[in-house]
Amino acid sequence: MKQDLRQIKQKLFQIYYQNLNDKQKEAVFLVKGPLLVIAGAGSGKTTVLVNRISHLIEFGNAYYSQKEISASAEEIAVLRNFCDHPEICTREILKPILLSFADDACPAYHILAITFTNKAAGEMKERLRKQLGDRADEIWAGTFHSVCVRLLRQFASYTQYGSNFLIYDQEDCKRIIAAKMKEMEIDTPELTAKYVMNQISNAKNALLSPKEYESKVQNSSKGKVVAEIFKSYQEALLDANAMDFDDLIAETVKLLRDNSEPLTWCQHKFRYLLVDEYQDTNRAQYQLLKLIAQGHGNIMAVGDDDQSIYKFRGAAVENILNFDQNFADTKVVFLEQNYRSTKNIIEAANAVIAHNETRRGKKLWCAQENGQKVMLRNLEDQEKEAIYIAEHISEAVMRGKHRYKDFAVLYRTRAQSNALETIFTKSGVPHRLLAGMRFYEHAEVKDIIAYLRAIACPDNLACLLRVINVPKRGLGETAIKKATDLAEAQGKSFFEIICDCTSYRELSRNSSSFLAFTKLILSLREYAEDHLPSEIVHEVIDKSGYMDTLLGDENEERRKNVNELISSARFYEERSEAPNLEGFLEEIALVSDVDNYDRESDAVVLMTIHAAKGLEFPVVFLPGVEENLFPSAQSVMRLSDLEEERRLFYVAMTRAKEELYISFCKRRLLFGKTNSNRVSRFVEELPDAYVDAEYIASKERSLSDGYYFGQSDFQEFAMPRFSQAKGSNFSQFRQKDVSFQRAGSSSVTAAATPPTSKKSEVFRPGERVTHRIFGDGTILSAKSYGSDTLYEIRFDKAGEKKLMATYANLQKAK
DNA sequence: ATGGGGCTGCTTTTT
DNA sequence: GCAGCCCCAT
């Protein structure tokens, strides 16, 4: 009987979550102990995370609980009846019953959910709020960095830092490193600030202190120099009471590793851990999770080893590959059903990623129809490629098949966006370029923020130095050097010294400039005491003289960005209970970008593949799929790098829901040089069965100079693009590609012989014709354009169109 | 102290 | 092809 009741309980939970598939349910029900969820692209992992959290809060371990359940025979009969008739079970009916099975339900404030982006955290909170109401706000949901900041401020007394420490971004850090290197007179050309910064970041990810790092690199002269820079860099940060992004994690690990009180606090506070995008965690982040999960072991990691594309930033794929070794008694659930894409796309992506050796091994499947094959296209150069994409989009929009916002163009490097943007603008295709530059990285924005920081903490040298001569106040390098030297010698802060500059003979020459600056900062600080952040920004621009640098037509973009900053301050003020400058600065330190991807606006999206991770689009274009570009030239030397490129390609492919267009060029202008690259090896890995390799090499008649009309005409001259598909299969395409390689760049066009396009038949007004895409129609007019003819045709279904005869490929209607 | 001119060197970047 | 850096002339 008991056994029976347990089965009934489980069956009822199965019904309650009938919108999830079996694997997803498994990931929701297995709440105790370590769980690894390998979630393929488009497999509904956010749904799983959200449902798991609300399940934890409402039912705890109810599903697998061995807890005694008491029920009368009557009650059991009722429940059994529900089991037999799932169709009558609404969630409202089931919920009170299931609540009576709850075991060890977990209050929301005992749950820690970690994501990688603020956006992901926001989306998760949003969905949780829908399911749980206000309770959702008690969940600790945030990025690794924001969670660490919270802990570090709370337990600052255990660290070397004050609780109001600053967070330096990469640019701040690079400046400091570059300055230190200059100071140390390092002139080894291969030791760039960038390289050193990377080394230091790696060391911090490996939780090495400057000292430990030094002893590790004893037998490398380069390493020894880096160790020196690392040491003085770390001292500079500590002096300024500042941490870089890597410190936020590493310092938290140290805090919990070396102090039992904060550790115990965390372990009691966070009874359940959930980590999203686990494949992107680094070694320090793993250590952090390990520390917190120690004891209860309730950690759930969701991720996809095949989508690990941030190794260059320190992500350790091993974390997800070895999760079951790192956490004892791990259960693993594979989410392999893809709800996003059609079969051809999924199968093609599966085939490509199967070439990777270092992976768990997973095969996506989908219940959707085959859909269109993956379209492959070869073009002359990046401009023709961009025109091809623009045209295709225009035509599809014109035919009413898609809207602009259904399209995404994803590329490997940002440099590729130029050609695309230019052509899109010329041809009137509405588009938005994503992440051109991150908002908070614009110099004008950073300048103003530095002012704000200088106001909030006038003893912070870096902020003062950034703004002391912006706009120009006649305080150059030498004047500043004198003041910093004095500060050091006197054991006073830089700000104190320059306030008191009349007392020092060395500073007398610049004393009026120094005083003007200190007066400015002091008055701004006074102003800040009783004004809102947005007002302070205004005041800063007004009183500092920064306004002058924003005037004029050429500075429109800068003005826009400053206004954007003011808007974000206002936005912060609206949401915050007690808005103040410190709060605003805290918020923007960990938010790199105003999330400006507006799904609603009807425009084609252009972005890097990295930026597209996690997103999906009905139609995806992947331009520039060529050797040396994708995979990038630097990545082909090492297998692990090449495999990361393949994962990137896999991520790109799996963004597409319905249609995927891959293209590559015969010639490509990159870094001011024209190259001829072979088609990417990844394309060769696509099985013929899923690919439509229409190969219209130099038959870019449509793309020849004569074709390209101005903005408004452009969309009118539609033409079928895939009319030559018959008879050109993929293998054939490969052969042609080889011959092109041998021919060299001079005879590119010659080697790539187009399929012969026979001269079109001539039609007269009134005649019935058939078009491959638009179907049957009647010719309205025929005008001669040089050697070609422009038809006006009224199609029965597609409406009136203007088409050029040679491109339209019209047939006499039957 | 500052601005212009030549030189280099270049992926990807959730925080 | 262009941005960011360094050096030199003002």
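In what follows, every chain begins at residue 1, and chains take the letters A, B, ... in the order their sequences are listed.
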> Contact class for A/Thr478 (heavy atom, under 4.0 Å): base, sugar-phosphate, or nothing?
Replying inline: sugar-phosphate

>> With rounding to the closest Å, how many angstrom separate the C1' atoms on C/dC5 and B/dT12?
In response: 23 Å

>> By nearest atom, which of the nucleotides C/dG1, B/dA1, B/dT15 is closest to the A/Asn510 side chain?
In response: B/dA1

>> Can you tell me if A/Thr608 touches the phosphate of B/dT13, counting only side-chain N or O atoms and a distance under 4.0 Å to OP1 or OP2?
In response: yes

> Is there a side-chain polar atom (N or O) of A/Asn418 under 4.0 Å from OP1 or OP2 of C/dG1?
Replying inline: no

>> Would you say the ring centers of A/His610 and A/Phe312 fall short of 6.0 Å from each other?
In response: yes

> Can you say whether the rings of A/Tyr161 and A/Phe165 are parallel (under 30°), tilted (30 to 60°) or perpendicular (over 60°)?
Replying inline: perpendicular

>> With heavy-atom distances below 4.5 Å as the criterion, would you say the side chains of A/Gln287 and A/Leu256 are in contact?
In response: no

> If you check the A/Gln634 side chain, which of B/dT11, B/dT2, B/dT13 turns out closest?
Replying inline: B/dT11

> Looking at B/dT11, C/dG1, B/dT15, which one has an atom nearest to any side-chain atom of A/Leu590?
Replying inline: B/dT15

>> Let's see if you can work this out: which of B/dA1, C/dG1, B/dG3 has an atom nearest to the side-chain heavy atoms of A/Lys472?
In response: B/dG3

>> With rounding to the closest Å, how many angstrom separate the C1' atoms on C/dC6 and B/dT11?
In response: 25 Å

> For DNA chain B, whose closest nucleotide is more 5', that of A/Thr413 or that of A/Leu475?
Replying inline: A/Leu475

> Given B/dT12, B/dA1, B/dT15, which nucleotide is nearest the side-chain atoms of A/Arg412?
Replying inline: B/dT12

>> Once you measure the plane-to-plane angle for A/Phe494 and A/Phe514, does it fall in the parallel (<30°), tilted (30-60°) or perpendicular (>60°) bin?
In response: perpendicular

